[in-house]
**Q** 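Below is one structure. I have some questions about it.
Just follow the structure's listing: the first ligand is 1, and inside any ligand the first atom is 1.
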Amino acid sequence: MGENTIISQYGKAHKRLRVAITSAINQPQALRPIALLVQPRITAALESWAQKGKIVALKETKKVTFENIGNLFANIQPGPLLDTLDRLFVGFVNGIRAQRWYFPGTNFYHAIQCRKKLKEIFRVELEKRKWDKLEGVEARNDLMDGLMGIKDEEGNQLKDEEVLDNIVTLVVAGYESTALSSMWAIYFLAKSPKVLQKLREENQALSQEKNGGFITTEEISKLKYTNKVVEETLRMANISSFNFRVAVEDVEYKGYKIPKGWRVLTWIRFIHTDPEHFDDPLSFNPDRWDQQPMRPGTFQAFGGGTRVCPGNSLARMQLAILIHHLSVGYKWELINPDAAIAYLSHPKPVDGAEKQFQFMNS
Ligand code: HEM
């Protein structure tokens, strides 16, 4: 992920980057404009799916997620540059869980080359912005500007390499995860007509008030049932199936000793499907979230502690927006409801969730 990425930093350096990233993408003041920025593409995508009639959901959610990321992160609009970025990110992501064999022909080698090229593309944009600033060109208010402008407690700005490594990291962290969670929401809702009905009722009421317009973060926070559907989707989808930690001291756990320096893998999918934590854990039941708060540590879709996902509010918000527009305007069904699920690198139906889409006859 690069030397300067949040993922490879610890202690004070990690905290400094987290503050910068969370204020750029995860605080209410950052999310407010983002909510309005992502909606035109989400609603346009839904319309295009209905026109196509039959879609492979994962392919489509990836497309719309990446278009929004381009816009949100570096003001890059659909076109040849965004297509190149997409190709490079796919090459990069394919190497993340590959063997560390660094020679031509391996996934790992290819991923490193892709990352270098990605950084160079973003570097050109970064240099351009420095010139623009000197010439008084108005800031774009996207993530790159946010990261370039942030100052730490001592008044220091992030270095160029920090901005670049973290932009690349954030795209990787936010791209596939957001696309997959969107696909799973559509998948679970297709299989849960009663949940969908309740969702429609809640969201149609808001949509009528807004005359079908875009919704704000304040309105999203009031969509109680929708937010429960978001949590339940994340619990069931287990997009990050596991998590790594290093024991920083000897630890005693349930009679087992974990020696200092050992690596521990938390199997998140197990935590989320353990009947001790969730009744009838394999059923898609948003109402279980009425009993909040869940027992500490039992919901780990975004990890936990100092490394908890700094994009969690952004991810939740994008999912709620998609669900809102989807539930008020569309009907859909799975073409292969019993398609097998593949679990690596992330859980997904093997057909990418093929769906039949229609406008709702309301
Ligand atoms: C549904 C979508 C997402 C899921 C399920 C998810 C899940 C996770 C998980 C499990 C972790 C590891 C936490 C830990 O070690 O305790 C993580 C870390 C991270 N996520 Fe997310 N994430 C999502 C979306 C996003 C988005 C949209 C962004 C940013 C645009 C993002 C940025 C990051 C970053 C930078 C880290 C590393 C944090 C650190 O090392 O301090 N994620 N995410």
Side-chain angles (χ1 to χ4, degrees), residues 1-2 4-27 30-31 34-35 37-38 58 61-62 64-66 68-74 89 93 96 142-144 146-147 158 162-163 165-188 227 229-246 263-272 296-297 299-323 345-348:
M1 288 284 186
N4 304 285
T5 158
I6 179 168
I7 291 173
S8 45
Q9 301 293 325
Y10 295 90
K12 230 178 136 185
H14 174 246
K15 199 172 160 201
R16 175 172 167 264
L17 282 174
R18 269 197 83 90
V19 172
I21 290 171
T22 27
S23 47
I25 58 167
N26 226 38
Q27 303 281 341
L31 291 172
I34 295 178
L37 205 79
V38 296
L58 187 55
T61 56
K62 275 188 170 171
V64 61
T65 304
F66 202 68
N68 267 331
I69 281 180
N71 193 19
L72 202 64
F73 284 27
F89 271 109
V93 170
I96 288 177
D142 53 19
L143 178 65
M144 185 176 269
L147 290 180
L158 296 186
E162 289 179 307
V163 172
D165 275 354
N166 283 291
I167 287 268
V168 174
T169 297
L170 287 166
V171 179
V172 171
Y175 179 17
E176 191 136 13
S177 57
T178 305
L180 278 164
S181 58
S182 305
M183 181 276 292
W184 278 113
I186 304 171
Y187 176 96
F188 289 130
N227 288 312
V229 172
V230 167
E231 299 306 287
E232 187 65 348
T233 301
L234 293 165
R235 182 190 71 84
M236 291 276 287
N238 290 302
I239 289 151
S240 263
S241 312
F242 51 84
N243 225 341
F244 289 102
R245 287 292 187 275
V246 177
R263 277 157 210 277
V264 180
L265 188 148
T266 327
W267 199 253
I268 300 176
R269 193 204 313 280
F270 175 76
I271 302 174
H272 288 173
F299 182 59
Q300 297 259 344
F302 293 108
T306 52
R307 295 257 165 197
V308 68
C309 173
N312 70 79
S313 302
L314 173 62
R316 284 179 161 117
M317 183 188 81
Q318 294 205 73
L319 208 47
I321 289 175
L322 172 80
I323 291 174
S345 56
H346 297 281
K348 50 185 170 265

**Q** By number and element, which atoms of ligand 1 are closer than 4.0 Å to a non-hydrogen atom of Phe73?
**A** 30 (C)

**Q** For ligand 1, does Asn243 get within less than 4.0 Å through its side chain, its backbone, both, or neither, judged by non-hydrogen atoms?
**A** side chain

**Q** Are side-chain heavy atoms of Asn26 and Ile21 found at a separation under 4.5 Å?
**A** no

**Q** Over 60° means perpendicular and under 30° means parallel, so classify the ring planes of Phe299 and His272, tilted if in between.
**A** parallel

**Q** To the nearest 0.1 Å, how far is atom 37 (C) of ligand 1 from its closest protein heavy atom, and which atom is that?
**A** Ile7 CG1, 3.9 Å

**Q** Calculate, to the nearest 0.5 Å, the distance between atoms CD1 and CZ belonging to Ile186 and Phe188 respectively.
**A** 12.0 Å

**Q** So, 4.0 Å and heavy atoms of Arg245: is ligand 1 close enough to count as a contact?
**A** yes

**Q** Just so I know, are the side chains of Phe302 and Leu234 near enough to count as touching, which here means a heavy-atom distance under 4.5 Å?
**A** yes

**Q** State, yes or no, whether a side-chain contact exists between Val168 and Thr5 at a heavy-atom distance under 4.5 Å.
**A** no

**Q** N/O of Arg18 under 3.5 Å from N/O of ligand 1, yes or no?
**A** yes

**Q** Under 4.0 Å from any heavy atom of Gly304, which atoms of ligand 1 are there?
**A** 16 (O)

**Q** With the threshold set at under 4.0 angstrom, would you say Phe244 reaches ligand 1 through any of its heavy atoms?
**A** no

**Q** Can you find an N/O atom of His14 closer than 3.5 Å to an N/O atom of ligand 1?
**A** yes

**Q** Answer yes or no: is there a side-chain heavy-atom contact under 4.5 Å between Thr233 and Tyr187?
**A** no

**Q** Below 4.0 angstrom from a heavy atom of Ser181, which ligand 1 atoms are there? Numbered from 1 as shown, please.
**A** 1 (C)

**Q** Mind checking side chain to side chain donor-acceptor pair (under 3.5 Å) for Ser240 and listing every partner two or more places apart, or none if nothing turns up?
**A** none

**Q** Counting only heavy atoms closer than 4.0 Å, does ligand 1 sit against the backbone of Trp184, its side chain, both, or neither?
**A** neither

**Q** Relative to ligand 1, is Ile25 under 4.0 angstrom through side chain, backbone, both or neither, heavy atoms considered?
**A** side chain

**Q** Look up atom CD1 in Ile34 and atom CG in Asn68, then write down how far apart they are to the nearest 0.5 Å.
**A** 10.0 Å

**Q** Please verify whether a non-hydrogen atom of Leu234 lies at under 4.0 Å from ligand 1.
**A** yes

**Q** Tell me which pairs pass side-chain hydrogen bond (donor to acceptor under 3.5 Å, both in side chains) where either residue lies in residues 176-185, with sequence neighbours left out.
**A** none

**Q** Are Leu158 and Leu17 close enough that some pair of their side-chain heavy atoms sits under 4.5 Å apart?
**A** yes

**Q** Does ligand 1 have an atom that lies less than 4.0 angstrom from a heavy atom of Gln318?
**A** no

**Q** Going by heavy atoms in the side chains, are Asn238 and Ile268 under 4.5 Å from each other?
**A** yes

**Q** Taking distance alone, no hydrogens or angles, what donor-acceptor pairs closer than 3.5 Å link side-chain atoms of residues 307-323 to residues at least two apart or in another chain?
**A**
{"from": "Arg307", "atom 1": "NH1", "to": "Ile6", "atom 2": "O", "distance (Å)": "3.2"}
{"from": "Arg307", "atom 1": "NH1", "to": "Ile7", "atom 2": "O", "distance (Å)": "3.4"}
{"from": "Arg307", "atom 1": "NH1", "to": "His14", "atom 2": "NE2", "distance (Å)": "3.4"}
{"from": "Arg307", "atom 1": "NH2", "to": "Gln9", "atom 2": "O", "distance (Å)": "2.3"}
{"from": "Asn312", "atom 1": "OD1", "to": "Arg316", "atom 2": "NH1", "distance (Å)": "3.1"}
{"from": "Asn312", "atom 1": "ND2", "to": "Cys309", "atom 2": "O", "distance (Å)": "2.7"}
{"from": "Arg316", "atom 1": "NE", "to": "Glu231", "atom 2": "OE2", "distance (Å)": "2.8"}
{"from": "Arg316", "atom 1": "NH2", "to": "Glu231", "atom 2": "OE1", "distance (Å)": "2.9"}

**Q** Could you grab the distance from atom CG of Asp165 to atom CG of Leu170, nearest 0.5 Å is fine?
**A** 11.0 Å

**Q** Which of the atoms in ligand 1, numbered in the order shown and given with their element, are less than 4.0 Å from a heavy-atom of Ala301?
**A** 5 (C), 7 (C), 10 (C)

**Q** Do ligand 1 and Arg307 have nitrogen or oxygen atoms that lie under 3.5 Å from each other?
**A** yes

**Q** Tell me the protein N, O or S atoms under 2.8 Å from atom 21 (Fe) of ligand 1, in chain and number order.
**A** Cys309 SG

**Q** Relative to the heavy atoms of Leu170, which atoms of ligand 1 are at a distance of less than 4.0 Å?
**A** 29 (C), 30 (C), 35 (C)

**Q** Just so I know, are the side chains of Leu147 and Glu162 near enough to count as touching, which here means a heavy-atom distance under 4.5 Å?
**A** no

